[in-house]
Amino acid sequence: MITAEQRDRVRGWFTGRLPDDLFEELTELTVDREEITVIGRIPEPRLTEDASATEREAALESRVQEFRERTREDRMAVAREAEQRFSRKVSWGVECGGRRTLFTHVAVPVMTRLRQPERRVLDTLIAGGVARSRSDALAWCVRLVQRHTDDWLAELRDSLEHVQRVRARGPDTEPDRTPSPDGPE
């Protein structure tokens, strides 16, 4: 489970490291145990007001493809640094004209191939002690049919972050500097 502070460090690193002209805005950065997904907004193609839906779709597709090809070298350089620094694969995507396109992303086998959003659900259940493994977590999710998933998982993540903050202030975080009443041993 990644904490909000760790997520902020990763986001801060990417914000500082990405070339200024790569995206109009870094819209989303998602992190789990295997992958960092970076999604940014790129400019929409300029179309006439009377452009058809087919023309608009073709223009969006070609804009995304042009961006992908033009920025490949820069994105690969950033990904290499990030993968070394954070020990996770980096995946890329863009938002353009209300459409989201992922270029690459990791599919990790569990019992089936799951993308990052599904793996994050399973990892939260494991971190919260609800399940012992991703397979157990997946079975639990199927039985529950993701009833109240968003609210419940947000509450669980908040609780886990609180637990991690409390652990960080615990007695094992700093050596005991109080002298023994019996003197040195």
Side-chain angles (χ1 to χ4, degrees), residues 1-47 56-128 131 133-135 137-138 141 146 149-150 153-154 156-158 160-161 164-165 168:
M1 182 73 192
I2 186 166
T3 66
E5 181 180 341
Q6 292 166 327
R7 194 171 29 258
D8 288 347
R9 282 185 206 276
V10 173
R11 185 176 180 90
W13 185 87
F14 273 92
T15 300
R17 177 57 184 87
L18 291 174
D20 288 337
D21 61 347
L22 186 66
F23 298 126
E24 287 183 326
E25 176 187 7
L26 178 61
T27 58
E28 186 176 321
L29 190 129
T30 309
V31 183
D32 72 7
R33 292 187 309 186
E34 289 86 16
E35 179 180 22
I36 299 169
T37 303
V38 180
I39 299 174
R41 182 172 295 111
I42 61 173
E44 291 184 44
R46 291 185 207 127
L47 296 167
R56 177 176 165 68
E57 185 65 24
L60 289 174
E61 283 179 26
S62 62
R63 174 58 55 94
V64 168
Q65 187 60 35
E66 182 276 333
F67 173 86
R68 183 177 187 182
E69 295 301 323
R70 178 175 44 85
T71 63
R72 177 173 278 124
E73 207 169 292
D74 287 337
R75 289 183 296 106
M76 288 174 64
V78 171
R80 277 191 296 275
E81 288 179 43
E83 287 171 5
Q84 191 170 35
R85 182 180 191 99
F86 301 112
S87 301
R88 292 169 171 87
K89 291 292 185 188
V90 176
S91 299
W92 299 92
V94 294
E95 289 180 357
C96 184
R99 169 185 176 177
R100 178 175 283 199
T101 305
L102 292 176
F103 301 150
T104 56
H105 42 108
V106 177
V108 176
V110 177
M111 287 172 53
T112 184
R113 297 183 79 69
L114 299 176
R115 301 280 185 229
Q116 189 177 41
E118 293 88 14
R119 292 192 315 266
R120 287 186 70 216
V121 170
L122 301 180
D123 291 345
T124 300
L125 295 173
I126 293 165
S133 66
R134 282 184 169 174
S135 295
L138 186 58
C141 287
Q146 295 184 334
T149 301
D150 293 337
L153 287 174
L156 181 58
R157 285 186 188 107
D158 290 344
L160 290 169
E161 287 183 18
Q164 289 174 344
R165 284 192 303 272

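The analysis underlying the following values was restricted to heavy atoms, covering all of them including side chains, and did not include hydrogens, waters or symmetry mates. Sequence positions, counted from 1, serve as the residue numbers for this chain.
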> Step by step, would you call V38 with F103 a side-chain contact (heavy atoms from CB on, under 4.5 Å)?
Replying inline: CA-CA 10 Å; V38 180; F103 301 150; over 6 Å; no
>> The test is side-chain contact (heavy atoms from CB on, under 4.5 Å); show your working for V94 and E24 and say whether it passes.
In response: CA-CA 10 Å; V94 294; E24 287 183 326; over 6 Å; no
>> I'd like to know whether T30 forms a side-chain contact (heavy atoms from CB on, under 4.5 Å) with R120, so could you lay out the CA-CA distance, the side-chain angles of the two residues, the decisive distance to 0.1 Å, and finally the verdict.
In response: CA-CA 9 Å; T30 309; R120 287 186 70 216; 3.5 Å; yes
>> For a side-chain contact (heavy atoms from CB on, under 4.5 Å) check, start with the C-alpha distance between R115 and E35, then their side-chain angles and the critical distance, and finish with the verdict.
In response: CA-CA 10 Å; R115 301 280 185 229; E35 179 180 22; over 6 Å; no
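Each of K89, R119, R88 was evaluated against E34; a single residue qualifies, R119, per the salt bridge (Lys or Arg N to Asp or Glu O under 4.0 Å) test.
No donor-acceptor pair closer than 3.5 Å links the side chain of R7 to the backbone N or O of L29. Remark: the backbone N or O of L26 is paired with a side-chain donor or acceptor of R11 at under 3.5 angstrom. E95 places no side-chain N or O within donor-acceptor distance of the main-chain N or O of I39, the cut-off being under 3.5 Å.
Atoms CG and CG, from L122 and D32 in turn, are 10.0 Å apart once rounded to the nearest 0.5 Å. Between E66 atom CD and T71 atom OG1 the span is 8.0 Å, to the nearest 0.5 Å. Atoms CH2 and CD1, on W13 and I36 in that order, are 8.0 Å from each other to the nearest 0.5 Å. L102 contributes atom CG, which lies 9.5 Å from atom CD of Q116 (distance to the nearest 0.5 angstrom). Atom CG of L138 and atom CG of L125 lie 10.0 Å apart (nearest 0.5 Å). One distance of note links CD of E28 with CZ of R41; it measures 11.0 Å at 0.5 Å rounding.
The heavy-atom pair separating R63 from P43 by the smallest distance is NH1-O, 2.9 Å. Across all their heavy atoms, L60 and P45 have their closest contact at CD2-CD, 3.7 Å. The two residues G97 and R56 have their closest heavy-atom pair at O-NH2, 3.1 Å. Between E161 and T3, the shortest heavy-atom distance links the atoms OE2-C, 4.0 Å. Shown here for S133 and I126, the closest heavy-atom pair between the two residues is C-CD1, 3.4 Å. Between C96 and V64 the shortest heavy-atom distance is CB-CG2, 4.1 Å.
In R46, the CZ atom is not crowded: 12 or fewer heavy atoms of neighbouring residues, nucleotides or ligands sit closer than 6.0 Å. Residue E25 places its CD atom among more than 12 non-hydrogen atoms of other residues, nucleotides or ligands, all under 6.0 Å distant. By the neighbour-count criterion of 12 heavy atoms within 6.0 Å, atom CD of E73 is sparsely surrounded, having that number or fewer from other residues, nucleotides or ligands.
A salt bridge links E57 and R99; the closest N-O separation between the charged side-chain nitrogens and carboxylate oxygens is under 4.0 Å. Under a 4.0 Å N-O distance rule, the pair E69/R72 qualifies as a salt bridge.
Using cut-offs of 30° and 60° for the angle between ring planes, the F14 and W92 rings count as perpendicular.
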